[in-house]
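All values derive from a computational prediction rather than experimental measurement. In the text below, chain A, chain B and the rest are named by the order of the sequence lines, each starting its count at 1.
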Amino acid sequence: MSIDFKNDLNPAQYEAVMHTDGPVLVIAGAGSGKTRTIVYRLAHLVQSGVRPDQILLLTFTRKASLEMLNRAESILGRSLQGTSGGTFHSFAYKILRVNAHALGFDKGFTLMDRPDSENVVKEVKETLELGKGDRSYPKKSTLTDMITKSRNKELSVEQVLEQEAFHLTGYSDDLRAIATGYKQFKHQHALLDYDDLLFSFERVLLENPDILLNLRGRYRYIMVDEYQDTNRVQARLVKLIAGETGNVMAVGDDAQSIYAFRGANVANILDYPKIFEGTKIIRLEQNYRSTQPILDLTNTILDGAAQKFEKKLFTVKNDGPRPRLVQPLSDQSQANQVVDLILDLHRSRGYAYHEIAVLFRAGYHSYPLEVALGRVGIEYQKYGGLRFHEAAHIKDVLCYMRLIRNPTDKLAFLRVLEPIKGVGPKTAERIYRAKATGDEKYLKSITRKKPDLQQLLADLDVLRASATTPMNALEQVIAIYTPFLMLKYPDDYPKRQAGLEQLAQITTTYTDIDSFLADLTLNGNEEEEKTRDNKLVLSTVHSSKGLEWNAVIIIDLVEDRFPSRKALTKPDDFEEERRLLYVACTRARRELALFVPASIYNRYNGSTENTVPSPFVRELPAHLTEIWQESYAGGLRKKEGAPAARQSEADQDAPSFKSSKDPKKLGYCRHKIFGKGKIIAEIGSDKYRVNFPGFGLKVIVADYLELL
DNA sequence: GGAGAGGGCGTTTTT
DNA sequence: CGCCCTCTCC
């Protein structure tokens with residue numbers, strides 16, 4: 001079969017596909033056929049004689065790489081078996097797993113997920129006797145956050161506190177001690193967290209030339225997608241594996257960088273030509289996804305950015321409806337109106353459910369909508385938010401699996417013992433130590449008093465001796481675990497049992513337990529493929545990256561939610577929120593609706609609070625959207641002409657937002673009541689938006705502030 | 001050292 | 001409301 005590259009691609013795409021030798025940087029605007037370019041390049045490489053196993057494709061999710069490989073296979077009409085594709089983390093895992101000795105873990109290692117890390121941090125904190133009885137002491141999740149941030153950004157904990165959480169700077173000595181203890185604990189117990197995968201991988205490559213040369217020899221062509229969201233160590237890894245003359249294609253879009261919180265560094269894109277000498281830079285600017293009215297809006301969002309992007313996407317799809325701006329009276333009515341809109345799109349305009357997506361800033365924002373969808377019986381599939389494998393019962397079961405592979409996995413062991421009555425943390429710890437040192441005497445004495453403990457330990461031994469395939473192992477585990485499940489969740493154990501069945505389904509595709517466990521912790525939700533068919537999509541904006549739909553609905557576009565209040569600790573964060581909205585809007589092909597509820601119900605104090613429209617919405621000129629308002633009598637009314645911000649009473653409390661010209665200069669201030677705060681932005685000529693720890697974001701008149 | 005009651009507190013984003 | 005942490009009593 002021959003592929004008509006020239007005809008299927010535009011000139012810029014064609015150039016990127018044909019440029020196979022030497023480094024290329026493809027700056028690909030949203031919807032500009034980035035995936036298509038990668039897919040055709042894969043096909044072209046193989047067609048011109050490159051063996052599939054000489055290609056390495058690093059993407060942001062496993063799903064993305066599978067999709068690209070599949071598409072390349074279908075246009076090629078042959079298999080790409082052997083091509084290495086996946087995330088940096090999963091690739092690192094694959095290599096480290098067969099080279100565990102180089103890490104000093106001769107008996108292998110265990111991958112930690114986020115809750116594992118938090119638990120270790122907590123344990124370290126307790127052993128160091130830090131924060132005892134201090135209610136305001138940073139919580140384990142905060143501590144873990146800071147530790148992982150310091151690693152991802154490659155900064156000291158002091159620097160991270162300074163930048164991300166200045167109100168915690170007083171804890172920097174503690175945090176340093178905890179970080180050190182955390183590291184030691186991992187080393188002692190052969191544990192690797194997400195960050196270790198990357199850093200250990202780098203270390204192994206630097207210390208073992210044989211391993212490095214082997215990789216370099218094998219991977220002659222490397223492609224890295226979403227390059228704007230790589231962090232520094234990932235960039236170094238690419239360089240390392242590619243070697244001096246590497247054939248690397250990096251694809252990215254600086255305007256879509258949304259992972260700075262995790263250490264992603266846009267500078268990687270800018271520095272790429274410096275790192276790889278002779279880099280060919282190619283820009284893809286024609287948008288094939290969206291209609292012009294949608295692009296007008298997304299271009300405007302970028303226009304407001306403090307740092308300008310040289311980007312004006314264009315399309316030939318001039319027709320299409322203007323994006324809607326809908327203003328419900330509350331988040332409750334927002335949920336109902338979204339449902340109405342979905343029904344309308346589906347029934348009257350013929351969009352299949354899986355061609356419609358609802359996007360939001362944080363996982364819990366969709367809860368009211370999920371209830372409303374349930375009421376009318378629309379099925380949906382949710383991306384982002386809680387992870388399947390982190391649900392308590394799933395995690396319980398996975399810990400048994402971990403013990404099969406590594407009986408000394410302390411975290412797993414302690415967790416498995418948890419449901420035994422009369423065995424708390426201390427006793428569990430002693431049992432663990434007794435097992436490790438072979439202290440039969442203690443084991444005998446403790447098990448004599450507790451028959452169910454004895455039973456469980458015996459079950460574990462049998463399990464370890466007899467487990468074969470992942471499926472077989474899981475069946476045995478479920479048999480052991482089910483009594484505990486029923487005990488622990490008397491109300492909803494049937495539902496959780498169904499979850500275990502789902503897990504059992506997943507095991508069928510694996511032949512070894514290690515890769516089953518690793519895939520689960522590295523790929524998050526695995527079940528999606530099966531349930532995907534024709535369901536409405538709910539997704540966080542982050543998880544929507546790289547995807548597209550005919551109709552996109554974005555909800556909760558109000559201050560504190562989008563932009564997220566938690567995210568605004570420094571001026572750069574505000575810009576990232578803006579790019580996040582840009583990513584969200586550019587997912588839409590034809591229909592785009594932005595929802596701005598006037599009030600939101602607050603579950604923990606039971607009150608309904610008025611909102612202020614998101615600054616990004618207030619910035620939009622009226623002619624770009626079609627405005628729909630809910631009247632107090634119910635129902636939506638179309639509003640002609642005037643911009644959204646003009647009608648909003650919020651206008652008085654929150655004058656139109658302007659990013660400061662030099663946000664970096666803003667610094668700190670002091671307020672009589674709120675104390676020290678960080679200035680996020682200048683608003684108008686005499687007001688500031690300030691983040692006060694413990695009080696949140698406030699807009700304060702300059703006269704009341706003492707600048708520091 | 002463990003279990004259970006009571007109180008404070010607060011929901012970002014992900015590999 | 002639900003989680004997590006602390007306190008109290010066994």
Could you state the [atom1]-[atom2] distance from [X] to [N], rounded to the nearest angstrom?
X: A:Asp193; N: B:dT15; atom1: CG; atom2: C1'; answer: 10 Å
X: A:Asn523; N: B:dT15; atom1: CG; atom2: P; answer: 8 Å
X: A:Ile554; N: B:dT12; atom1: CD1; atom2: P; answer: 20 Å
X: A:Phe199; N: B:dT15; atom1: CZ; atom2: P; answer: 18 Å
X: A:Asn602; N: C:dG2; atom1: CG; atom2: P; answer: 15 Å
X: A:Lys545; N: B:dT13; atom1: NZ; atom2: P; answer: 16 Å
X: A:Leu96; N: B:dT15; atom1: CG; atom2: C1'; answer: 14 Å
X: A:Lys63; N: B:dT15; atom1: NZ; atom2: C1'; answer: 14 Å

Side chain to side chain contact (heavy atoms under 4.5 Å, CB included) partner of A:Met112, chosen from A:Asp195, A:Asn119, A:Val120 | A:Val120

Of A:Lys139 and A:Phe261, whose closest DNA chain B nucleotide lies nearer the 5' terminus?
->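 Nearest nucleotide further toward 5': that of A:Lys139.
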
Would A:Thr148 and A:Asn152 count as having a side-chain donor-acceptor pair, cut-off 3.5 Å?
-> yes

Decide whether A:Ser543 and A:Thr540 meet the rule of one side-chain donor and one side-chain acceptor closer than 3.5 Å.
-> yes

[options]: which one has an atom nearest the side-chain heavy atoms of [X]?
X: A:Thr427; options: B:dG2, B:dT14, B:dT15; result: B:dG2
X: A:Lys140; options: B:dG2, C:dC5, B:dT15; result: C:dC5
X: A:Arg361; options: B:dT13, B:dG2, B:dT15; result: B:dT13
X: A:Tyr367; options: B:dG1, B:dT15, B:dT11; result: B:dT11

Identify whether a stacking contact exists between A:Tyr364 and B:dT11, where the ring centres must be under 5.5 Å apart and the planes under 30° apart.
-> yes

Which value, in whole Å, describes the distance between the P atoms of nucleotides B:dT12 and C:dC5?
-> 16 Å

When we call it a touch if two heavy atoms are under 4.0 Å apart, what does [X] touch: a base, just sugar-phosphate, or nothing?
X: A:Tyr259; value: sugar-phosphate
X: A:Lys421; value: sugar-phosphate
X: A:Ser90; value: nothing
X: A:Val541; value: nothing

Quick one: are the ring centres of A:Phe616 and A:Phe574 less than 6.0 Å apart?
->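 Yes, the ring centres sit under 6.0 Å apart.
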
Under 4.0 angstrom between A:Lys566 side-chain N/O and B:dT11 OP1 or OP2 = yes

Is the distance from OP1 or OP2 of B:dT14 to the nearest side-chain N or O of A:Ser543 less than 4.0 Å?
->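 Yes, such a contact exists.
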
Side-chain heavy-atom pair A:Thr59, A:Leu57 within 4.5 angstrom cut-off |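 Side-chain contact under 4.5 Å: yes.
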
Check A:Arg114, A:Lys566, A:Arg262 against A:Asp145 for a salt bridge (Lys or Arg N to Asp or Glu O under 4.0 Å) and give me the one that passes.
-> A:Arg114

